[in-house]
Trainee: 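Got a structure here, written out as structure tokens. Questions coming.
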Protein chains: 2
Amino acid sequence: MGLEEEIKQKEFKNKQQRAFLNLIFTAGHLSLAQTRFFKPYHLSAQQYNVLRILRGQNGNPVTIGLIQERMLDIQSNASRLIDKLEEKKLVLRIVCPKDKRQMDITITQDGLEILKELDDKLDSNENRIILTDQEADTLNDLLNKIREKNNRQYAPDASGGNKK
Amino acid sequence: MGLEEEIKQKEFKNKQQRAFLNLIFTAGHLSLAQTRFFKPYHLSAQQYNVLRILRGQNGNPVTIGLIQERMLDIQSNASRLIDKLEEKKLVLRIVCPKDKRQMDITITQDGLEILKELDDKLDSNENRIILTDQEADTLNDLLNKIREKNNRQYAPDASGGNKK
DNA sequence: ATTAAATATATGTATATACATATAAAATAG
DNA sequence: CTATTTTATATGTATATACATATATTTAAT
């Protein structure tokens, strides 16, 4: 079903607007699907993302800042995410002895296990993006292009207006 | 900058995974940009979306349900969104006389004016998706394709697992 | 060394999201 | 016509997001 039917809107200002709305719309769907996928594990997609980052370090501790930097969700509060993961005993957080401002975060055995379980489950579903290699590349390129423009226009401090 | 540099991850399982992550990542950026764009007007992107739906009705009242149906964000709480818009006097909400369960929502003059202002501002920025017509079409098609698969796999009630 | 600036992380707060449940009115069944 | 089911909307609640601000520690300046 095309975007037009889904949101019952026939008219778009131009193809760019339609693609933009479709992007927001589709991402919303995917992110809801993700939320639902992770829910039975009492994890959010973000938390899963953090666990993967940690696993990627092969046991080396990682700071909150580094996690923040690598997260998909740019405004995410890594500190509170780690809180949640720590509560669930999926990560360990200790003060870095070299620099007491920093926290050394590592993934626990429990964390690794839940990741394993999720990976298996995701494998069987990961073909949820059912695109050919070429299509996936095209999509990837188009998204990069959009972000490139977007980054210039909406830099972190560009408020985009200042009405009252 | 490609996704690889932005999230400092060189390895993806496959092109599909990279495209999927890029989609989530890019949408996050766009939606943050939207949030910031609307902030000076004390509106959210969703609220703007609702106002546009209302304007599209040319003065005919619209029910909460219809708004919900047309919204980009599928799980959005139209009822509470209308609350906010009513507080700001941008919409009018009255009980429908024909069916007292329903609410008749209409956009106010204030609502129309703020929309006009935003439209102008958006016009000058709407080229933020700087794609050719052909690229925009391609993107649109790819997104539809993704959603199509996704809809089948993650139907509203498909929990996707049921661990504790 | 002492004060100021920078950095890493945490916390407060207002709003939004996801979802379950409640309330009220209308439609339908008997 | 009364009881039941369905529909339209609202509310409660736990969690997440955006962002401003606070705290602690290190680095730099004088």
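Just the heavy atoms: all of them, side chains too, but no hydrogens, waters or symmetry mates, feed the values below. Residue numbering restarts at 1 for every chain, and letters A, B, ... go by the order of the sequence lines.
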Trainee: Start at the 5' end of DNA chain D and walk down; is the nucleotide closest to B:L32 or to A:L43 reached first?
Mentor: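 With B:L32 and A:L43 compared, the 5'-side residue is A:L43.
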Trainee: Enumerate the residue pairs fulfilling ring-ring contact (aromatic ring centres under 6.0 Å, His included) with a member in residues 53-86 of chain A, sequence neighbours excluded, ordered by first and then second residue.
Mentor: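 Output for this query is empty, none listed.
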Trainee: Pick out which of B:I82, B:V91, B:L81, B:I114 makes a side-chain contact (heavy atoms from CB on, under 4.5 Å) with B:Q47.
Mentor: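 With B:Q47 as partner, side-chain contact (heavy atoms from CB on, under 4.5 Å) holds for just one option, B:L81.
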Trainee: So, using side-chain contact (heavy atoms from CB on, under 4.5 Å) as the criterion, who are the partners of B:T35 when residues are at least two apart?
Mentor: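 B:T35 satisfies side-chain contact (heavy atoms from CB on, under 4.5 Å) with no residue once adjacent residues are dropped.
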Trainee: Name every residue in residues 93-108 of chain A that has at least one heavy atom under 4.0 Å from any atom of DNA chain D, in order of residue number, or write none if there are no such residues.
Mentor: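 Close to the strand are A:D99, A:K100, A:R101.
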Trainee: Can you list the steps and then say if B:I7 with A:E69 is a side-chain contact (heavy atoms from CB on, under 4.5 Å)?
Mentor: CA-CA 7 Å; B:I7 67 172; A:E69 199 174 81; over 6 Å; no
Trainee: In chain order, what residues pass the side chain to side chain donor-acceptor pair (under 3.5 Å) check against B:D137, with sequence neighbours excluded?
Mentor: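 Listed in chain order: A:K15, A:R18.
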Trainee: Tell me, please, which residues at least two apart from B:K116 pass salt bridge (Lys or Arg N to Asp or Glu O under 4.0 Å).
Mentor: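 Salt bridge (Lys or Arg N to Asp or Glu O under 4.0 Å) list for B:K116, sorted by chain: B:D120.
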Trainee: Test: ring-ring contact (aromatic ring centres under 6.0 Å, His included). Region: residues 43-92 of chain B. Which pairs qualify, not counting sequence neighbours?
Mentor: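 Applying ring-ring contact (aromatic ring centres under 6.0 Å, His included) to every pair that reaches into residues 43-92 of chain B, excluding sequence neighbours, yields B:F38-B:Y48.
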Trainee: Report the residue (A:S44 or B:I64) whose heavy-atom-nearest nucleotide on DNA chain D is the more 5′ of the two.
Mentor: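 Nearest-nucleotide comparison on DNA chain D picks B:I64.
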Trainee: On DNA chain C, compare the nucleotides closest to A:S31 and A:R80; which residue's is nearer the 5' end?
Mentor: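 Counting from the 5' end, the first nearest nucleotide belongs to A:R80.
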Trainee: Could you work out, with ring-ring contact (aromatic ring centres under 6.0 Å, His included) as the rule, every residue matching A:F25, not counting sequence neighbours?
Mentor: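 Per chain and number, A:F25 pairs via ring-ring contact (aromatic ring centres under 6.0 Å, His included) with A:H29.
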Trainee: Tell me the salt bridge (charged side-chain N to carboxylate O under 4.0 Å, His left out) pairs involving residues 53-68 of chain B, sequence neighbours left out?
Mentor: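 Checked against salt bridge (charged side-chain N to carboxylate O under 4.0 Å, His left out) - neighbours excluded - the pairs reaching residues 53-68 of chain B are B:R55-B:D119.
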Trainee: State which residues pass side-chain contact (heavy atoms from CB on, under 4.5 Å) with B:N77; sequence neighbours excluded, sorted by chain then number.
Mentor: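 Checked B:N77 against side-chain contact (heavy atoms from CB on, under 4.5 Å); matches are B:S79, B:R80.
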Trainee: Sequence neighbours excluded, which residues qualify as side chain to side chain donor-acceptor pair (under 3.5 Å) partners of A:K100?
Mentor: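 A:K100 satisfies side chain to side chain donor-acceptor pair (under 3.5 Å) with no other residue.
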Trainee: For DNA chain D, which residues in residues 53-61 of chain B have a heavy atom at a distance below 4.0 Å?
Mentor: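 DNA chain D contact set from residues 53-61 of chain B: none.
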Trainee: From CG of B:N77 over to P of D:dA8, roughly how many Å is that when rounded to an integer?
Mentor: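 Between P of D:dA8 and CG of B:N77: 16 Å.
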Trainee: Mind checking which nucleotides bracket the chain A contacts on DNA chain C, 5' to 3', with an atom under 4.0 Å from a heavy atom?
Mentor: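 Nucleotide range with atoms under 4.0 Å of chain A: C:dT7 to C:dC19.
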Trainee: Contact class for A:Q47 vs. all strands (heavy atom < 4.0 Å): base, sugar-phosphate, or nothing?
Mentor: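 The residue A:Q47 makes sugar-phosphate contact but no base contact.
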